[in-house]
Structures are given as C-alpha cells and as structure tokens.
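Worth knowing before you read on, the calculation uses all heavy atoms, side chains too, and leaves out hydrogens, waters and symmetry mates. Letters A, B, ... mirror the listed sequences (proteins, then strands); counts begin at 1.
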Protein chains: 2
Amino acid sequence: MLDSVDSTALHPRADNGAITVQEWVYRQLKERILTGQFVPGRSVTLRGIATMLGVSPTPVREALRRLVSERALEVHGNRRVSVPKMTRRKFDDLCAVRVSLETLAAERAMPHVDADHLERLRRLDAEVDEAVDNGEINRYLHRHREFHFSIYELGSAEVLMPLIESVWLQFSPFLRLVVSHIGVDYIVDRHADALNALERQDHAALRFAIEADVREGLGSLTESEWRDLDAVTRQAGDAPAP
Amino acid sequence: MLDSVDSTALHPRADNGAITVQEWVYRQLKERILTGQFVPGRSVTLRGIATMLGVSPTPVREALRRLVSERALEVHGNRRVSVPKMTRRKFDDLCAVRVSLETLAAERAMPHVDADHLERLRRLDAEVDEAVDNGEINRYLHRHREFHFSIYELGSAEVLMPLIESVWLQFSPFLRLVVSHIGVDYIVDRHADALNALERQDHAALRFAIEADVREGLGSLTESEWRDLDAVTRQAGDAPAP
DNA sequence: GCTGCTAGTTTGTGATCACATTGACACCGG
DNA sequence: CCGGTGTCAATGTGATCACAAACTAGCAGC
C-alpha cells in the first residue's frame, strides 16, 4: 500500500474538519480514479476498501454508491462493483458529450475571465507542457485537469460542473491507461489557442479550440492501439497502476 | 399516506425481483421527485422516509446519497437534505444544458428511429396534447417525459441518458410547481416539428425543434410569475404537492 | 481428464445500536 | 416583555452483527 498519494490523506480521520468519513472516503476514491490509480476492469470490494482506508464498511458503501451514480464505477449483476471498461462506442459518446458540455462551459466562463485568471491559466498550461516534455504522467494528468476545470468553474458551477466531472470520471481511468501505455509524447493540446481566444473574447475561436482539444487529444487512436489497450484491460483483475 | 402512486409500489419489498431495498427506495423517491410530489424547499428526513416506506434508515441513506449525487436533492451544512430551490440563474443554466445535451441526443437517435418508433412517438404526443386539453397535470408530466426519453434512449443510452436524467431531476420539481400554479394551458411544445424532422431525417430541423421545445416550454416566465413561485416555495417546509 | 456437486470462504445487504450534533421549546432572569 | 440558557427530542453518522447470495476449491463420479 505504497500509494497513499494525496494531501488530505492523513490517517483515516486525523484531520476532522467537520468532514464525514463517507465524504473523506469518497474524495479518496475519486482522487484515485481521476489519477488513474484504478485501472479499468479492476473490481472493487467493499471490505477491501474499508480495511485499506481503515474505516467500517458502512461509509465505504455510501461512497461507492455515489461514485456509481456518477458513472465512475459500475455495478454488475453480481452486485460487484468495478471500474468500467472502455469501449469504442462509449469513447465516442464521451467525446461528443465533452465537446458539447465543455464548449458551452468555456463560452459561459468567458465573460468572467480577467487578467489574473488568464495568468493562472498560462502558468498551468506551461506546467502541462513541462510535464509532457519530461514525461511526468501524474503531473500531466493533474495539471491538464486543473487547466480545464479552472476555465469551466468560472462560468457555471452549479449545473454544468457536476456533469462535466461525471464525464471526466468516466474518461480518466482510460486516459491514464492510454498515456501510460502509449506514452505522453503524442499528446497534443489546443490550450494555447483556447487562451488566445479567451483573451480576445472570441467565442467562436474558443469553441473551436476546445472542440479541437477534445477531439484531437485522444481521438486518433489507431486500430492496433485499441487492441493493445483491450488486451491490457482484459487481464486487469487487481493491482493498481504503477 | 394516500400518495402511494406507482405500479411497483406494493409493500416494502413484496415484489422481490432480485432488487435491493436500497434500489427500491431510490426508484420510489426518484419517481416522486420526477412527478413533482416533492416540492422545492421541502426538507427530507432520513427516518421520515424510512418509516414512510417501512424500511430501516440504512438503505434510505444510500438512496438519498445517490439522489444527491444526481443533484436531485441537496445537503446543507446542517447535514439536512432537501429538494433544491430553483433560481433564475440555475434555471437558465439548466435550459442551456438541456438544449446542448438533448439536441445531441436527438441527433444521435435519428439513425436508429424506424416506423414503429415514430408511431409510438406520435401516440405519446397525442396523449400529451390530450392531457393538456383536459388539464391533467400528472398525465401530462408523465407523457411529456416519456416522449422525450423515448427519443433519447434510442441513440446513446450509456453516456448521455444519465446526464439528461440528472438534468430532468433538477428540473422536474420546478416544472410541476409551475404547471400546477400557472396552469397547463400556456404550455407549448414542438413535438410535432420534432417528429416531422425525425421522419424526414432532417438533422438541422430536429435540433431546431428540440431547442425551441426546451426554450419556449418554460423560457418565458414573467417577472411576476417568478415572484409568485418564489413566494410559494418560501413556505414549503413540509407537505407534498396535492 | 473432464464434469458436476458440495463445503467453506468471501462479499454485499440491511437492521440495530450507540454517539454527536443540531434544532426546538420551555423556563428563568433581566 | 424580551433575550439568553438549559433541557429534551430529533436527526445524521458510523460501527457491528446476522443473513443470504455468490464465488472458490476440492472431491467424487462418469
């Protein structure tokens, strides 16, 4: 259990900042999913998580159900829950929804963006590029996510953000799988275009940049790469990503 | 408790079709929310639901958390959960997301629609009109929902449907409030246009019809109507809709 | 050698209990 | 008459327990 990753990951509830155990477990699992530490196909057991985090099964069950609701996990007929596997069909749907939702979110964020935000976004983008250059997968995934969400959260936090988060939760384990098996080198992004559009307040250009960023990011997986990934997920019964 | 509404609402788990109590509770509450039996602002207590449905608090808590995840309910700082109140801001966001998601879903459904589906949709639309003419609010809400979802479920069930459902869960209590306080007479829909576009396989016309249906449906609430609805929800501590 | 059955283990589910926190309401002092 | 305070009920939370279903493994029989 050498993968105790995050800031708030002290011991079970050492922090005690008016946060419930269930909420804590939920955030732990969500973070692990978003950073791809749960590989698609991996089955998640209730007592396993409970003992891993040092809590009772009750709050774990609630956290798992929340994640199932958000489509980050799925339940099978056996009542077992696991990280959903990716299919081409689902991948296409996710891309389409990402385009639809994230262009809308970006457009809505545009009026609220100011110089400080732009500066912050540029810094994040620079860190993304840096992570790509150095081949730092974890840092790339973190910054990439931070960049996108830093835009979207400006406009409409209440309605759009949860939906986009749900899509990312479905997307991320697969993304992690791809970048760790195919490499981070082929990653292309349109962050610079998006930032310029944001600065010029150009709605159309922003939409185009976001759409291109989503579509080109992983849209061009070849047939053989799909088969390769399929083979990887097939043997995934356990064991988190390296 | 004279509002035991639905088909599957026998006694607690008299059916026993390999369905968990938690799932049953979830569906019960979801149905009640979608049909507007929980008015915005109403606070929902755990033990209250538990005794109402004749089960223990445990599965109720899980069902509530699922609904919170789907934004059908919200938790306050007090840990109390309630049906969220609608704001103009949120309403606008919901409309924009509905347009974005549902036009996409309709477009994706188009290739899969055949004569049987069209016939079924026409029948549903006729029932919607009939319900409007007779002022049958409950029937209207049911058929209206059935009409839309019958289109969307054709195309992409896996990714899009849950998102659309989440939006409808946020939308429906308010919709019920509106039609029951302002009347069902002013309701306009573009179902006929959508059906024609579907038949002609006209993507652009379909998108336009869906967008118009969403935007015109409740988009034109006047200032005084908003105030009126606000006054209604303000006094909503308890008591389901009539 | 392979299939089918059976015992033991694992896992999810739900009820119950104990505890902490919140909210309500009456009471008391000003 | 009003505001503060103490008490009690109500509520959410989480651990534990008992039970049922599912999976595993081992053995017998064909």
Pick one: which of L67(B), V81(B), L29(B) meets side chain to side chain contact (heavy atoms under 4.5 Å, CB included) with V44(B)?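 The single option meeting the side chain to side chain contact (heavy atoms under 4.5 Å, CB included) with V44(B) is V81(B).
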
Of P57(B) and R79(A), the one whose closest DNA chain C nucleotide lies more 5':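 Its nearest nucleotide lies further toward 5', so the answer is R79(A).
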
With sugar-phosphate meaning primed atoms plus P, OP1 and OP2, does [X] contact a base, only sugar-phosphate, or nothing at under 4.0 Å between heavy atoms?
X	result
T58(B)	base
R61(A)	base
V44(A)	sugar-phosphate

Round to the nearest Å and state the distance from [X] atom [atom1] to [N] atom [atom2].
X	N	atom1	atom2	answer
E23(B)	dT13(C)	CD	P	10 Å
I49(B)	dG14(C)	CD1	P	17 Å
L53(B)	dA15(C)	CG	P	11 Å
E62(B)	dA15(C)	CD	C1'	12 Å
L64(B)	dT11(D)	CG	P	13 Å
I19(A)	dG12(D)	CD1	C1'	15 Å
E74(B)	dG12(D)	CD	P	15 Å
W24(A)	dG12(D)	CH2	C1'	20 Å

Does one side chain, of H112(A) or E153(A), offer a donor that lies under 3.5 Å from an acceptor on the other?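 No - no donor-acceptor pair under 3.5 Å links their side chains.
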
Are [X] and [N] close enough that a side-chain N or O sits under 4.0 Å from OP1 or OP2?
X	N	answer
N78(B)	dG23(C)	yes
S56(A)	dA15(D)	yes
R47(A)	dA15(D)	no
R80(A)	dT13(C)	no

Plane angle bin for F171(B) and F91(B) - parallel if under 30°, tilted between 30 and 60°, otherwise perpendicular: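 Correct class here is parallel.
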
Are the side chains of E74(A) and R71(A) in touch, meaning some heavy atoms are under 4.5 Å apart?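 In short, these two side chains do not touch, never coming nearer than 4.5 Å.
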
Have a look at Y152(B) and tell me which of E102(B), R108(B), E165(B) forms a side-chain hydrogen bond (donor to acceptor under 3.5 Å, both in side chains) with it.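 That would be E102(B); it is the only one of E102(B), R108(B), E165(B) passing the side-chain hydrogen bond (donor to acceptor under 3.5 Å, both in side chains) with Y152(B).
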
